[in-house]
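Numbers for residues simply follow the sequence, beginning at 1. All ligand and atom numbering here is 1-based and tracks the order in the structure.
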Amino acid sequence: MQTEIIKIDRENIDKEALKHAGEVIKKGGLVAFPTETVYGLGGDAKNPASSKAIYAAKGRPSDNPLIVHIADLEDIKKISKNLPDLAKKLSDAFWPGPLTMIVEKNDVIPYETTGGLDTVAVRLPSDEVARELIRCAGGFVAAPSANTSGRPSPTKAWHVIEDMEGKIDVIIDSGRSLLGLESTIVDLTVKDPVIPRPGFITESMIRKVCEGVSTDPGIIAADSNVKPKAPGMKYRHYAPSAPVAVIEGKEDLVTEKIKSLISDAKAKNQKVGILCATENEKLYNADFIIALGCKDDEAELAGNLFDAMRRFDHEDIDVIYSEGFSREELGAALMNRLLKAAGHTVIKV
Ligand code: TXA
Ligand code: MG
């Protein structure tokens, strides 16, 4: 398949081009598009064949449900039933934005889209290109992240091109995603809402609207007996090809430990990659060092993580060592993704 790549400037949106991309989705085709979190791989959420095509393009197990993207607040009512009052409170507080709500689905959304579940994940993105595309596509766009299953989520168009060129109809290129980590998911189908995937909308932000909310312990646990609530969280994810280990502890002990790990790896002729805070970049003598951002700026650190993972894959790195970062607030989302990439290999110092 020939993939059409369309550049769209967020400052000066070409509506005709998005109309064309919307028609492609309406006819059952697939379009990768930018959102403020990561790039999505979009198809018509009401069309079972489109959802099947999404799973095929990603190489994703079809029991892993897709998020349905909408462009207007009221549209959640058209695809759900028994919508709790809390959904309205949360959407007033955080939509458009990086929050996905799981609610009961109605018959408009087929089981092919929800991986056989009676619930549906719904998100209203803030990215203007995304919203215009969703409107042009009929209002309901099923979209997982636009990466091959198991690879890091795409935050730049070249990440999508790398994974999806030749497999889908259109890729819309609008530069880098503003945030760079997938949306926070909150499950409203249980008595006390649970966050199965942390993100930029943190637990404490949600608690201001909903006191009883908690984070699913399965997401941080290394213990595979704790089953994560979002089906997608159980798969190996976000990982570069080389093994990753995270070194956590007091900062000077962490940097000393990483220096000694670098020496050990070099003695074995291994090519070493390092992920660190900008402040520590100069301390290491490794083959490929990526500074994610300043250590107190979790938004910057999180926003650069997936791009860093992909860059390691282009450097034939044998082993990657990462500094650990704060697990507070947004740090919880960052460390969730980093620890998954590391398969929970943590060295405590
Ligand atoms: O930021 C995002 O959410 C991005 C952009 C494109 O919007 N999308 C995204 O989709 O990250 P995906 O498919 O890569 O991750 C969706 C997660 C998966 O872990 C999936 O298992 C979970 O949401 N999920 C979707 N529907 C669900 C449902 N009905 N019940 C429980 N988990 C669900
Ligand atoms: Mg994904």
Side-chain angles (χ1 to χ4, degrees), residues 30-43 45 51 54-55 57-71 79-80 94-106 109-127 129-131 133-134 141-155 159-160 163-164 172 177-190 193-201 216 218-219 227-239 302-303 306 309 333 336-337 340-341:
L30 302 186
V31 176
F33 63 100
T35 83
E36 73 279 20
T37 57
V38 300
Y39 274 75
L41 172 55
S51 294
I54 291 175
Y55 289 114
K58 272 183 73 85
R60 172 169 176 158
S62 59
D63 67 344
N64 189 0
L66 308 175
I67 295 176
V68 177
H69 295 68
I70 57 175
I79 55 173
S80 63
F94 301 115
W95 277 2
L99 180 75
T100 296
M101 294 195 261
I102 298 175
V103 295
E104 281 181 53
K105 83 171 194 72
N106 67 17
I109 299 298
Y111 284 111
E112 282 79 1
T113 301
T114 64
L117 298 176
D118 288 314
T119 57
V120 60
V122 190
R123 169 159 130 74
L124 173 53
S126 63
D127 188 300
V129 174
R131 286 226 302 278
L133 173 71
I134 295 162
V141 173
S145 49
N147 52 287
T148 300
S149 191
R151 294 210 71 207
S153 295
T155 55
H159 302 163
V160 183
D163 284 11
M164 292 297 154
I172 296 173
S177 292
L178 185 68
L179 303 176
L181 272 197
E182 307 90 341
S183 61
T184 306
I185 301 178
V186 59
D187 185 353
L188 304 186
T189 65
V190 287
V194 170
I195 298 171
R197 183 174 74 185
F200 275 79
I201 309 288
D216 177 11
I219 61 162
K227 195 170 164 244
K229 290 222 160 51
M233 300 304 278
K234 76 186 174 208
Y235 301 104
R236 183 170 177 266
H237 226 143
Y238 314 123
F306 291 141
M309 303 268 173
N336 167 249
R337 305 321 193 265
K340 286 203 79 169

Starting from the C-alpha separation in whole Å, work towards a yes-or-no answer on side-chain hydrogen bond (donor to acceptor under 3.5 Å, both in side chains) for N64 and R60. CA-CA 7 Å; N64 189 0; R60 172 169 176 158; 3.1 Å; yes
E36 vs F200, test: side-chain contact (heavy atoms from CB on, under 4.5 Å). Steps then yes/no. CA-CA 11 Å; E36 73 279 20; F200 275 79; over 6 Å; no
Going through the distances and angles, do V31 and L133 end up as a side-chain contact (heavy atoms from CB on, under 4.5 Å)? CA-CA 9 Å; V31 176; L133 173 71; 4.2 Å; yes
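Below 4.0 Å from some heavy atom of E182 lie the following atoms of ligand 1, by number and element: 1 (O), 2 (C), 11 (O). Atoms of ligand 1 found under 4.0 Å from any heavy atom of I67, numbered from 1 in the order shown, are 3 (O), 8 (N), 9 (C), 10 (O), 16 (C). Ligand 1 places these atoms under 4.0 Å from at least one heavy atom of H69: 5 (C), 6 (C), 7 (O). The atoms of ligand 1 that sit less than 4.0 Å from any heavy atom of N64 are 18 (C), 20 (C), 21 (O). Using a 4.0 Å cut-off to heavy atoms of S183, the atoms of ligand 1 that qualify are 1 (O), 2 (C), 3 (O). Atom numbering of ligand 1 starts at 1 in the shown order; those under 4.0 Å from a heavy atom of L117 are 28 (C), 29 (N), 30 (N). Those atoms of ligand 1 that come under 4.0 Å of a heavy atom in G40, given as number and element, are 6 (C). Of all the atoms in ligand 1, the ones that sit under 4.0 Å from a non-hydrogen atom of I185 are 17 (C), 22 (C), 23 (O).
Counting heavy atoms under 4.0 Å from ligand 1, residue R60 touches it through the side chain alone. Looking at T119 against ligand 1, both its backbone and its side chain come within 4.0 Å, counting heavy atoms.
Ion pair R123/E182 not flagged as a salt bridge, since none of the NZ, NE, NH1 or NH2 atoms sits closer than 4.0 Å to an Asp/Glu carboxylate oxygen. Salt-bridge annotation for K105 and D118: absent, with no side-chain N of the basic residue lying under 4.0 Å from a carboxylate O of the acidic one.
At a threshold of 2.8 Å, the Mg ion (ligand 2) has no backbone or side-chain N, O or S atom of S149 nearer than that distance.
In this structure, the side chains of V186 and L99 come closer than 4.5 Å at one or more pairs of heavy atoms.
A distance of 10.0 Å separates CG in L66 from OG in S145, rounded to the nearest 0.5 Å.
By the side chain to side chain contact (heavy atoms under 4.5 Å, CB included) test, S80 is found to be paired with I76, L83, V103, residues two or more places apart in sequence or in another chain being considered. Residues satisfying the salt bridge (charged side-chain N to carboxylate O under 4.0 Å, His left out) test with E112, not counting sequence neighbours, are none.
Formation of a donor-acceptor pair under 3.5 Å by the T35 side chain with backbone atoms of T37 is found in this model.
Taking 4.0 Å as the cut-off, T114 does not count as a neighbour of ligand 1 on heavy-atom distance.
Residue nearest to atom 27 (C) of ligand 1, selected from P125, S149, P65: P65 (by heavy-atom distance).
Residue R197 places at least one N or O, backbone or side chain, under 3.5 Å from an N or O of ligand 1. Considering backbone and side-chain N/O of S145, one or more are found under 3.5 Å from N/O of ligand 1.
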